[in-house]
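Beneath this line is the structure, given in structure tokens, with notes to follow.
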Amino acid sequence: MTMKLALIGCGTVGSEVVRLLHRQETDLTSRIGEPIEIAGIAVRRGGRDRGDLPVDPSLFTTDALGLVNRDDVDIVVEVVGGIEPAREWITTALRAGKAVITANKALLAEDGSALAQAAVDGGADLYYEAAVAGAIPLLRPLRESLHGDTIHRVISIVNGTTNYILSRMTETGAGFAEALEEASALGYAEADPTADVEGFDAAAKAAILASLAFHTRVTVTDVYREGITEVSAADIASAAEMGCVVKPLCIASRDGDVVSARVHPAMIPREHPLASVNGAYNAVFVEAEAAGRLMFYGAGAGGAPTASAVLGDLVAVARNRRAGATPMPPTVYADLAIRPMGDVLTRYHVSLDVDDEPGVLAEVASVFAAHGVSMRTVRQSGRGHEAVLVAVTHTATDAQLSTTVDQLSKLDSVRRVASVMRVEGEV
Ligand SMILES: NC(=O)c1ccc[n+]([C@@H]2O[C@H](COP(=O)([O-])OP(=O)(O)OC[C@H]3O[C@@H](n4cnc5c(N)ncnc54)[C@H](O)[C@@H]3O)[C@@H](O)[C@H]2O)c1
Ligand SMILES: N[C@@H](CCO)C(=O)O
Ligand code: NA
């Protein structure tokens, strides 16, 4: 017998899937117990020269849905992305009992429950290791290895482009625009970098991570999101002064029956394991009841690394198929509420340009106190009649902190709120 695969999409990831399938052919056959054969490859435009790919040109088609519906197709790999028509391809395949492997975080985060339902209806496997942190084995460890434990928090860097930009800003003192240009030149950032720099990509990953970690439904609309476009060289320098670095964080946490998921830049202490994750690398730090703290680290993007995750899933679903195993979708039994961002406990780093006059510090401190926010440290540096006041708070709700900053900005003695950033991890 031969297992037949339909590949939908042949871009950065899809073309590497083809190469890796070819290179690993013998081993894959041994690992699965039967050969895998590509039944067809759906592309957007036919007639393009794809001579560099080790594949019979007659396999290319522009009719993705027709390929999915072919009777001889057992497994569908979707590496196009976006909501439609990917949703139609995937649900059609699953309902017809065909296993699906996808890297499509956007769709999983928007409508994961419909996909899971289609998998249940069709009795088919749905795997998506590549959707979060590319090559890093993460979703199956959450879905399988840690299934006996209770996860409290997942704090991670899951977007390579923004981690690269902030790393460069830290290393060279460059501003955001300059670092973004560099990221584009190196091919990290896409032609339209909005999904990365505005946090949409990480927010989709946060929803998927939180759903798996806490066995509940979290969609992308439940995730609080802030991009990194406002991060300045001054923020990076201020972080360095207090022994911190600025990282693009994705934090999912559970407290009793409530979960929160958020994506934003934050300062973390240099000693924190995530602080040394630089360049385009990703890392995911999991805090579990019995396992303690675990860190997963590696390449979160790129054609070949992502194809590695796709092929790992391929072997898993092919072996399940051969064994006649009944697919078990991820468990979502815990119906947890979503904590609004305003109620989330965080700490702030606030940098104010103020008049260097007696009473200013007391005035600023009184605004913090009036909102029940306790200051942890205050640092002042002078510049003639002007001074910079940097305050780091103890934890308070995000709403308390943002109201405090709003009030501070209205004080006559405050010339400008130069920067506001959350602080995570112990300082
Ligand atoms: N590139 C990465 O590092 C990476 C990492 C993890 C996950 N992903 C995900 O993998 C998926 C693919 O990403 P990519 O980087 O390979 O994108 P890509 O743009 O390089 O490739 C997508 C391909 O799909 C093709 N396509 C578009 N519409 C189609 C249609 N109707 N039929 C057939 N083909 C069609 C496009 O022509 C393109 O070649 C996305 O969901 C992405 O989020 C990518
Ligand atoms: N654009 C994404 C690709 C991987 O999902 C990143 O920069 O991490
Ligand atoms: Na992964």
Side-chain angles (χ1 to χ4, degrees), residues 6-18 40-46 48 50 53 60-68 76-90 101-110 127-143 156-166 180 183-184 186-205 208-209 212 228 248 250 263 277 279-284 296-313:
L7 177 64
I8 316 293
C10 196
T12 307
V13 178
S15 57
E16 288 302 324
V17 167
V18 171
I41 303 175
V43 293
R44 185 162 45 183
R45 280 185 307 274
R48 241 183 70 189
R50 294 185 171 86
L53 285 180
F60 290 103
T61 170
T62 51
D63 180 10
L65 191 58
L67 176 59
V68 166
V76 172
V77 171
E78 183 273 318
V79 278
V80 169
I83 306 301
E84 291 295 353
R87 175 166 32 207
E88 188 186 10
W89 300 328
I90 292 175
I101 296 153
T102 178
N104 193 332
K105 56 223 151 190
L107 177 57
L108 286 159
E110 180 171 302
Y127 275 48
Y128 43 88
E129 183 61 72
V132 183
I136 305 175
L138 174 67
L139 301 190
R140 271 193 280 149
L142 289 177
R143 195 168 150 165
S156 60
I157 296 171
V158 287
N159 183 269
T161 305
T162 50
N163 197 34
Y164 178 83
I165 291 172
L166 293 179
L180 171 61
S184 305
L186 285 166
Y188 293 134
E190 320 233 339
D192 175 5
T194 313
D196 292 316
V197 299
E198 295 294 357
F200 293 103
D201 175 78
K205 291 164 177 171
I208 298 169
L209 275 176
L212 289 179
I228 64 157
C250 165
V263 165
V277 176
Y281 280 96
N282 284 190
V284 181
F296 301 81
Y297 172 85
T306 308
S308 164
V310 169
L311 257 65
D313 282 352

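We count ligands from 1, going down the list as the structure has it; atoms in each ligand are counted the same way.
- Here is the list of ligand 1 atoms found below 4.0 Å of a heavy atom in Gly81: 40 (C), 41 (O).
- Polar contact check, Trp89 against ligand 1: no nitrogen or oxygen pair lies under 3.5 Å apart.
- Vertex the Na ion (ligand 3); arms to Gly134 atom O and Glu129 atom OE2; angle 130° (nearest 10°).
- Looking at ligand 2, you won't find any N or O of Asn282 less than 3.5 Å from one of its N or O atoms.
- Ala130 counts as a contact of ligand 1, since one of its heavy atoms falls under 4.0 Å from the ligand.
- Remark: the backbone N or O of Gly82 is paired with a side-chain donor or acceptor of Asn104 at under 3.5 angstrom.
- The shortest distance between side-chain heavy atoms of Ile228 and Glu198 does not fall below 4.5 Å.
- When each atom of ligand 1 is checked for a heavy atom of Ala301 under 4.0 Å away, the hits are 3 (O).
- Scanning all protein heavy atoms for the shortest distance to atom 3 (C) of ligand 2 gives Ala301 CB, 3.7 Å.
- The protein non-hydrogen atom at the shortest distance from atom 2 (C) of ligand 2 is Asp196 OD1, 3.6 Å.
- Those atoms of ligand 1 that come under 4.0 Å of a heavy atom in Gly11, given as number and element, are 16 (O), 20 (O), 21 (O), 23 (C), 39 (O).
- Taking every non-hydrogen atom of Lys205 and a distance limit under 4.0 Å, the qualifying atoms of ligand 2 come out as 4 (C), 5 (O), 8 (O).
- Atom 7 (O) of ligand 2 has its closest protein heavy atom at Thr161 OG1, 2.6 Å.
- At least one N or O atom of Val13 sits closer than 3.5 Å to an N or O atom of ligand 1.
- At distances below 3.5 Å, at least one donor-acceptor pair connects side-chain atoms of Asn163 with backbone N or O atoms of Gly279.
- Under 3.0 Å from the Na ion (ligand 3) lies an N/O/S atom of Ile136, whether from backbone or side chain.
- Distances from the Na ion (ligand 3) show that Gly300 has no N/O/S atom below 3.0 Å.
- Considering backbone and side-chain N/O of Gly82, none are found under 3.5 Å from N/O of ligand 1.
- Close approach of ligand 1 to Gly302 (heavy-atom distance below 4.0 Å) involves ligand atoms 2 (C), 3 (O).
- For atom 10 (O) of ligand 1, the candidate residues are Ala103, Gly303, Gly160; the nearest heavy-atom contact is made by Ala103.
- Between the Lys205 side chain and the Val158 main chain, a donor and an acceptor come within less than 3.5 Å of each other.
- A donor-acceptor pair is defined here as one N or O able to donate and one able to accept, closer than 3.5 Å; no such pair exists between the side chain of Thr62 and the backbone of Val43.
- Using a 4.0 Å cutoff on heavy atoms, Tyr128 does not count as a contact of ligand 1.
- Protein heavy atoms are found less than 4.0 angstrom from atom 28 (N) of ligand 1.
- Atom 19 (O) of ligand 1 is not flagged as protein-proximal [any protein heavy atom, distance under 4.0 Å].
- For atom 5 (O) of ligand 2, the nearest non-hydrogen atom of the protein is Lys105 NZ, 2.4 Å.
- When non-hydrogen atoms are compared, ligand 1 lies under 4.0 Å from the backbone of Val43 (N, CA, C, O) but not from its side chain.
- A cation-pi geometry, defined here as NZ or CZ lying under 6.0 Å from the six-membered ring centre and within 45° of its normal, does not hold between Arg48 and Phe60.
- Within the 4.5 Å cutoff, the side chain of Leu53 has heavy atoms near those of the Ser15 side chain.
- The closest protein non-hydrogen atom to atom 8 (O) of ligand 2 is Gly160 N, 2.7 Å.
- Looking only at side-chain heavy atoms (C-beta outward), Asn159 and Val197 stay at 4.5 Å or farther from each other.
- Under the 3.5 Å distance criterion, the side-chain polar atoms of Asp196 are left unmatched by any main-chain donor or acceptor of Thr161.
- Contacts between Asn159 and ligand 2, counted as non-hydrogen atom pairs separated by less than 4.0 Å, involve both the backbone and the side chain.
- Taking every heavy atom of Ala42 and a limit of under 4.0 angstrom, the matching atoms of ligand 1 come to 33 (C), 34 (N).
- Heavy atoms of Lys105 found under 4.0 angstrom from ligand 1 belong exclusively to the side chain.
- Distance alone, capped at 3.5 Å, places no donor-acceptor pair between the Glu129 side chain and the Ala135 backbone.
- Considering both main-chain and side-chain atoms, Gly300 never comes within under 3.5 Å of ligand 2 through any nitrogen or oxygen pair.
- Of the protein's non-hydrogen atoms, the one nearest atom 5 (C) of ligand 1 is Thr306 OG1, 3.2 Å.
- Under 4.0 angstrom from ligand 1, there are no non-hydrogen atoms of Ala106.
- Val76 pairs in a side-chain contact (heavy atoms from CB on, under 4.5 Å) with only one of the listed residues (Leu67, Ile101, Thr102, Val68), which is Val68.
- Side-chain atoms of Trp89 and Leu65, non-hydrogen and from C-beta on, do get closer than 4.5 Å to each other.
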Original post:
For Asp63 and Thr61, what are the C-alpha separation, side-chain angles and deciding distance, and is it a side-chain hydrogen bond (donor to acceptor under 3.5 Å, both in side chains)?
Top reply: CA-CA 5 Å; Asp63 180 10; Thr61 170; 5.4 Å; no
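- The main-chain N or O of Val80 is found under 3.5 Å from a side-chain atom of Glu78 such that the two form a donor-acceptor pair.
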